[in-house]
Amino acid sequence: MRSVIDTVDLTVEELDGIIKTACDISENPQKYAEKCKGKKLATLFFEPSTRTRLSFEAAMYELGGNVIGFSEAGSSSAAKGESVADTAKVISHYADIIAMRHPREGAPYVASKNATIPVINAGDGGHCHPTQTLADLLTIYREKGRLNDLSVGFCGDLKYGRTVHSLISALSRYTGIKVVLISPKELKLPVYVKEGVLEKKGMEYVETTDLEGAIGTLDILYMTRIQRERFDDQAEYERLKDSYILTAEKMQKAKADTCVLHPLPRVNEISVKVDEDKRACYFKQVLNGKYMRMALILKLLEDAQNGVEKKEDESEYLVNKLKCTNKKCISQVEQELEHKFMPTEKKGVYRCVYCESEQIVK
């Protein structure tokens, strides 16, 4: 069954097609008002969410479909110890498509391997958030008129920021993208994204701790909050939480057509005064996210109806010969899962299929 766990599950042509559909939905909503009549979306949210969950629900309702599901793990059978795999198998009998958010990295991937209906990753720990990326791409496209030849700055939590990881991965499919990574050294972009995406794709990038020095070079500034929920050490969070705050004064150094994005929610990393700036596009992202989720739901339901599947070559995987050391990986808590690692381009280095953490085989 075709699912979307990461943006790389979609080709550039498919991304462009989803953007085209989303633009048409925004201009002709009545044309799509009954496209999902008789269909059900199951929203399986194992951790809190406002924008993403409600965006999925609004998307399905506006397509004429219905929604079932839960908004926290405590109200699901996970509280009784049910595995992600079993939950996916059960929900497959009740719905036509699943949107899942989970604090454990790789959980939606596990669901997709066990469900008989499409699964959309609505965020898994600090790993991926593909539908937020779709919202980001549509916003960039509608504001700048293109998805290539752009200087894109990512500021704040680049270590745990799954939206950052997903958007960098998506932008690597386009040409002429320069990436500026702005963060404290403790929250730098993970090596697997830096080496596996930026360097592998030959993308130009620089790392800096200086937002004010970089802002004037950017077409897109992607701000992120320092995420309390991703820190095991709360003292470290308190020390880093105010690392970057975008103010109206700092915006004076930006280009006249710089586009400021933020996946939300914000805490204090963008001053409310910036909301008055025409370059502030983060609330437009919210609406664009609904349109893109509508387009993706339509795409996956159509693929399911046509029997489109994604085949995964597991011939070179290491199975149960390594154990993932990432404390946030789904394999750490669901003991029945096989420990599966895929080879990387580096000799002797394998990557966990669930969370993409790397381990060396000696």
Side-chain angles (χ1 to χ4, degrees), residues 3-10 15 18-19 22 41 43-57 59 71 84 97-112 118-140 152 154-173 179 183 187 189-190 192-193 196-197 220 222-230 261-266 269 282 285-297 300 326 328-330 354-357:
S3 294
V4 171
I5 307 304
D6 194 352
T7 51
V8 297
D9 294 328
L10 298 165
L15 284 173
I18 291 170
I19 288 172
L41 165 72
T43 53
L44 312 185
F45 278 64
F46 291 82
E47 68 174 4
S49 168
T50 301
R51 275 148 299 278
T52 304
R53 181 173 61 84
L54 296 183
S55 180
F56 267 111
E57 293 182 0
S71 59
V84 167
I97 188 167
I98 291 170
M100 174 184 280
R101 169 167 287 188
H102 201 286
R104 288 283 172 176
E105 297 171 9
Y109 173 83
V110 173
S112 72
V119 175
I120 301 173
N121 181 3
D124 60 334
H127 184 221
C128 288
H129 196 351
T131 62
Q132 176 62 53
T133 298
L134 295 182
D136 302 339
L137 291 176
L138 181 58
T139 306
I140 293 170
V152 184
F154 295 90
C155 181
D157 179 3
L158 310 189
K159 180 179 181 180
Y160 300 112
R162 59 192 172 197
T163 61
V164 171
H165 306 165
S166 288
L167 183 54
I168 288 175
S169 179
L171 289 173
S172 73
R173 324 278 283 282
V179 173
S183 72
L187 296 175
L189 193 72
Y192 79 85
V193 182
V197 180
I220 307 293
Y222 198 95
M223 294 294 297
T224 65
R225 70 185 171 95
I226 309 300
Q227 304 173 88
R228 181 193 295 270
E229 65 270 27
R230 304 298 173 212
L261 305 183
H262 190 302
L264 302 179
R266 71 169 161 194
E269 60 279 357
Y282 28 90
Q285 276 174 277
V286 175
L287 181 58
N288 288 331
K290 183 186 69 173
Y291 293 143
M292 287 297 266
R293 289 179 177 101
M294 291 172 75
L296 180 61
I297 288 169
L300 291 180
N326 176 11
K328 299 181 184 297
C329 182
I330 187 66
Y354 306 114
C355 69
E356 297 194 88
S357 295

Side chains of [X] and [Y] in contact at under 4.5 Å (non-hydrogen atoms):
X	Y	value
R266	M223	no
I168	L189	yes
L41	I97	yes
K328	C355	no
V84	L44	no

Please confirm whether the backbone N or O of [Y] pairs with a side-chain atom of [X], one donor and one acceptor, at under 3.5 Å?
X	Y	answer
N121	I5	yes
S169	H165	no
D124	G106	yes
R173	T7	yes
R162	G125	yes
H129	D6	no

Which value, rounded to the nearest 0.5 Å, describes the distance between [X] atom [atom1] and [Y] atom [atom2]?
X	Y	atom1	atom2	result
L137	T131	CG	OG1	11.5 Å
S55	L287	OG	CG	9.0 Å
H262	T163	NE2	OG1	8.5 Å
F154	T224	CZ	OG1	10.0 Å
I120	I297	CD1	CD1	5.5 Å
Q285	I140	CD	CD1	8.0 Å

Closest non-hydrogen atom pair between [X] and [Y], with its separation:
X	Y	value
A99	F45	O-CE1, 3.8 Å
P190	L158	CD-O, 3.2 Å
S3	S112	OG-CB, 3.7 Å
L261	D136	CD1-O, 4.4 Å
R51	P265	NH2-CB, 3.2 Å
L134	L10	CD2-CD1, 4.4 Å

### Query
Between Y192 and H127, how do the two ring planes meet: parallel, tilted or perpendicular, split at 30° and 60°?
tilted
### Message
Does the plane of the ring in Y109 sit parallel, tilted or perpendicular to the ring in Y354? Use 30° and 60° as the thresholds.
### Response
perpendicular
### Query
Could R293 and F56 be counted as a cation-pi pair, given that NZ or CZ must be under 6.0 Å from the ring centre and within 45° of the axis?
yes
### Query
Considering the options T43, L300, V119, which one meets the side-chain contact (heavy atoms from CB on, under 4.5 Å) requirement together with I98?
V119
### Message
Is there a side chain to side chain contact (heavy atoms under 4.5 Å, CB included) between S166 and Q132? Walk through the geometry before answering.
### Response
CA-CA 8 Å; S166 288; Q132 176 62 53; over 6 Å; no
#### Entry: Side-chain donor-acceptor pair present, T52, R101, cut-off under 3.5 Å
yes
